[in-house]
**Q** 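Structure incoming, see below.
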Amino acid sequence: MNELPPPPPDARPVLPTREGRLALRSPLAEAAQQRRVRGRLLLATIGFAVLFGAVGLRLAEKTIVNPESSRIAQAPRLPRAEPPVSRAEITDRNGEVLAVTVRGLALYARPNLIENPREVAERLHPILPHLDRERLVERLSGPRVFAYIDRFITPRQMEQINALGIVGLDFETAERRTYPKGRDAAHVLGLVDVDNQGLFGAERWFDERLRTSREPLRLSLDIRVQRELREALAWAIERFNGIGGAAIVMDVHTAEVLGMVSLPDFSGANPAASPPENRFHRAVEGVYEPGSTFKLLTAAMALELGTVQLHSGFDASRPIRIGGHEINDFRGKNRWLALPEIIAYSSNLGTAHMAMTVGPTRQREFLARFGIARHQRLPIELPEAAAVLLPGARDWREINTMTIGFGHGVSVTPLHVVNSIATLANGGIFRTPTILAQPEGSEREGTRVISERTSEQMRRLMRIAVTEGSGRAADAPGYFVGGKTGTALKTSERGRGYSENRRISAFVGAFPMNAPRYAIYVMVDEPKPRADTGGFATAGVVAAPAARRVVERVAPILGLVPETERIAQIQQTIALPLQPPRPRAAPPGTPAPRGAAPQPAAQPAPPPGLGPRAPAPVDLPASPIRRTDAAPSGLALALAPAESGRDAR
């Protein structure tokens, strides 16, 4: 096969033809091809230039001409998630935090790694001065591998301890329960132990609820009311040099406790700074003879059971002598007294006779309607609430009926007293007290224990005890306070007999009497007489002024404005004469209204000394009722020998 000769140097590239033969490319065709390639490159360059130019213009507009915050910056920043604390908050009814758990650090040691415990203790003590030095040495010593030094320290303390460079000390995450309001509501809130377990108060009652739910526990307390209540009670205690006291404000329609104070108290932030006895909760844990405040229940009982009417009266001209004891009146009128006078003048004699018209059995049953029964406690959400001390059915004789009628021979908590008065004032519906906030506008279920008519009559009687009786100092102008004072002697320190110089002075009532909203109780334990009170330390000069102080400060907080411009008009609607006229007898043959209780025939008012006589004297043992702040082992029949003295009121 013949080989082709090589092309000459100036030959053009050859191209294959359709017939498979080779052809040379002409210079003109090559030039045209190059022009087409350059055109395409130019077109691509112009396109990319336009594209990048558009992007550049857009960026310039967004960053220089018309800048906007980025979408990332506009997105809400979520808080850093932290594990929930082990115990929920406690708040007052308005959302104010009363108890909260905070996170911190705990300092612990590995004693087996510490060579010189005493030297380490000396270096730690300036940073943790609240720790006992010798106890600190003890914790740092021994072969143990773990020992807590301080269960809660601040970040600054941690930095200072770290700077010491001590081998064998370390930190761990810890929690502490703190009480931002200090001493306010200390007894109601209670405390927790080092492991955040409830010890007493709401912390203990709601312990499981607080540990299992993260929702705040909303109490019925109003911290503003609580603070004013505490200040007024502290003022009265200091003024009369008392050893303590209790005060309560309650909503009469829901039985919510808006304020509850017991003094002396303690600070939840530093409970160790107060003696342990300061944890005693006088408002629910202490049981005391209620004294004359109980006369309101006796009057309500007699009116409800129909044994007396407002115009009824009894002989209070002579003392009742039984078994070497004497029931008498303090500054008695020594005459026949109508029912309003018995309450206003706080007559023990009239009340004793009135109680006898009912008798022991019905008296015991009536008091039980109000939660006042032997060994019965009010079901409030506080585990330390104490039970009533009353004689048993077999020991409840006629003499007990008389003395219990005016508040002796029975021991109850202040909560029993104020809840009973709230029931008398609210229309006659008994509700169990609560420290839990109720939904706004809701109406709690209750049990009717007296009629509306009896409740209306009792409001008038409570008002007259303030306007005409020993409770005058409790009258806050424009608020139409009604209530009753009560002074009761305490037992002697030996437990036998009553002490002439140790007493309970209390006031209980409600306001405003024309449309009751709130009940109030103020008590001072062992007040001392003052020269400017005539040497008296009875409830009228001790507790009543403090009650007025509470009303005047608390009522505006609760939205009540004093009706100072309509005092006479409103007073007329709730007024009651001291000696109400007897209703005229209906003509013979006139049928009684349907559903009306049979009324006793009207009797002419007896002259002084000719009213119903006292029951026949009964010989009784001379031992008085044992009544102390702690539950006694037994309860004996009693008459207070000082009832003829100044403490009868």
Side-chain angles (χ1 to χ4, degrees), residues 72 76-90 97-184 186 189-201 203-204 207 210-212 214 216 265-276 278-279:
I72 296 177
R77 293 183 178 273
L78 298 177
R80 187 177 180 180
E82 292 185 2
V85 294
S86 62
R87 200 169 184 84
E89 292 181 353
I90 300 177
V97 176
L98 305 180
V100 62
T101 299
V102 295
R103 291 191 182 278
L105 295 167
L107 172 66
Y108 68 90
R110 300 184 183 278
N112 60 327
L113 301 179
I114 295 177
E115 297 180 356
N116 192 334
R118 185 164 295 278
E119 179 185 348
V120 172
E122 292 296 335
R123 298 176 68 186
L124 282 176
H125 194 265
I127 303 174
L128 305 172
H130 58 283
L131 298 181
D132 180 74
R133 186 179 279 101
E134 292 302 321
R135 185 168 176 79
L136 188 54
V137 173
E138 180 183 347
R139 286 175 174 267
L140 294 168
S141 304
R144 294 174 295 176
V145 296
F146 182 91
Y148 276 116
I149 303 303
D150 197 326
R151 299 294 290 264
F152 197 89
I153 63 174
T154 66
R156 179 175 176 80
Q157 289 172 324
M158 182 197 71
E159 293 176 1
Q160 293 175 325
I161 295 171
N162 261 335
L164 298 178
I166 300 174
V167 177
L169 297 181
D170 210 339
F171 309 92
E172 68 178 16
T173 302
E175 293 181 346
R176 169 176 285 183
R177 195 70 162 171
T178 185
Y179 303 89
K181 303 303 180 182
R183 294 178 178 270
D184 293 331
L189 293 173
L191 290 173
V192 297
D193 60 18
V194 293
D195 296 315
N196 260 355
Q197 304 294 315
L199 292 175
F200 62 94
E203 293 279 23
R204 180 177 176 185
D207 186 63
L210 292 168
R211 287 189 288 108
T212 57
R214 295 297 167 259
D265 55 13
F266 57 92
S267 172
N270 187 18
S274 302
N278 284 16
R279 299 184 185 183

**Q** Ignoring hydrogens and geometry, is there a side-chain-to-backbone donor-acceptor pair from Asn278 to Phe266 under 3.5 Å?
**A**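 Side chain of Asn278 to backbone of Phe266: no pair is present.
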**Q** If I take atom CG from residue Leu107 and atom CD1 from residue Ile127, how far apart are they, to the nearest 0.5 angstrom?
**A**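 If we round to the nearest 0.5 Å, Leu107:CG and Ile127:CD1 are 9.5 Å apart.
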**Q** Is there a side-chain contact between Lys181 and Leu189 (heavy atoms, below 4.5 Å)?
**A**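 Contact flag for Lys181/Leu189 side chains = no.
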**Q** Indicate the atoms forming the closest heavy-atom contact of Ser274 with Ser267, along with that distance.
**A**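 Heavy-atom minimum between the residues: OG-N, 4.3 Å.
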**Q** Pick out which of Leu131, Leu128, Val120 makes a side-chain contact (heavy atoms from CB on, under 4.5 Å) with Leu136.
**A**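 When Leu131, Leu128, Val120 are each tested with Leu136, the side-chain contact (heavy atoms from CB on, under 4.5 Å) holds only for Leu131.
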**Q** For the residue pair Gly142 and Pro111, what are the closest heavy atoms and their distance?
**A**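 Closest pair (atom of Gly142, atom of Pro111, distance): O-CB, 3.5 Å.
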**Q** Mind listing the closest non-hydrogen atom pair of Phe171 and Ile161 along with its distance?
**A**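 Phe171 and Ile161 have their closest heavy atoms at CZ-CG2, 3.9 Å.
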**Q** Less than 4.5 Å apart, side chain to side chain, heavy atoms only: is that true for Glu203 and Leu191?
**A**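 Heavy-atom side-chain distance check fails, nothing below 4.5 Å.
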**Q** Are Arg87 and Glu175 ion-paired here, with the side-chain N under 4.0 Å from a carboxylate O?
**A**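 Looking at Glu175 together with Arg87, the answer is no, because their closest N to O distance does not fall below 4.0 Å.
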**Q** Taking atom CZ as the centre, does Arg151 end up with more than 12 heavy-atom neighbours from other residues, nucleotides or ligands that are less than 6.0 angstrom away?
**A**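 Yes, the 6.0 Å shell around CZ holds more than 12 heavy atoms from other groups.
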**Q** Look at the side chain of Arg123 and the backbone N and O of Leu164, then say whether any donor-acceptor pair between them is shorter than 3.5 Å.
**A**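 A pair under 3.5 Å: yes.
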**Q** Side chain to side chain contact (heavy atoms under 4.5 Å, CB included) for Leu105 and Gln157? Distances and angles first, verdict last.
**A** CA-CA 10 Å; Leu105 295 167; Gln157 289 172 324; over 6 Å; no
**Q** Counting C-beta onward and ignoring hydrogens, is there a side-chain heavy-atom pair between Pro271 and Arg279 closer than 4.5 Å?
**A**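 In contact.
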**Q** Tell me, please, which residues at least two apart from Arg139 pass side-chain contact (heavy atoms from CB on, under 4.5 Å).
**A**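 Partners of Arg139 by the side-chain contact (heavy atoms from CB on, under 4.5 Å) criterion, ordered by chain and then number, come out as Arg135, Arg144, Tyr148, Ile149.
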**Q** Under 4.5 Å between any side-chain heavy atoms of Leu124 and Leu169, yes or no?
**A**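 Result yes, sub-4.5 Å side-chain heavy-atom pair found.
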**Q** Just wondering, are more than 12 heavy atoms of other shown residues or ligands nearer than 6.0 Å to CD in Glu115?
**A**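 Result for CD/Glu115: open.
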**Q** Determine whether Val100 and Glu89 make a side-chain contact, defined as any pair of heavy atoms from C-beta on separated by less than 4.5 Å.
**A**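 Yes, close enough: below the 4.5 Å cut-off.
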**Q** Kindly compute the distance separating CG (Asn162) from CG (Asp170), expressed to the nearest 0.5 Å.
**A**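 Spacing of CG (Asn162) from CG (Asp170) equals 8.5 Å.
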**Q** Considering residues at least two apart in sequence or located in another chain, which fulfil the side-chain contact (heavy atoms from CB on, under 4.5 Å) criterion with Asn116?
**A**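 Asn116 satisfies side-chain contact (heavy atoms from CB on, under 4.5 Å) with Arg118, Glu119 once adjacent residues are dropped.
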**Q** Check for a donor-acceptor pair, side chain of Asp195 on one end and backbone N or O of Gln197 on the other, with a separation under 3.5 Å.
**A**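 It does not hold such a pair.
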**Q** If I take atom OG from residue Ser141 and atom CG from residue Asn112, how far apart are they, to the nearest 0.5 angstrom?
**A**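 CG of Asn112 is found 12.0 Å from OG of Ser141.
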**Q** About how many Å separate CG of Leu113 and CG of Leu140, when rounded to the nearest 0.5 Å?
**A**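 The distance works out to 12.0 Å.
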**Q** Test your reading of the model: is there a side-chain donor-acceptor pair from Arg183 to the backbone of Asp265, 3.5 Å cut-off?
**A**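 Answer holds: yes.
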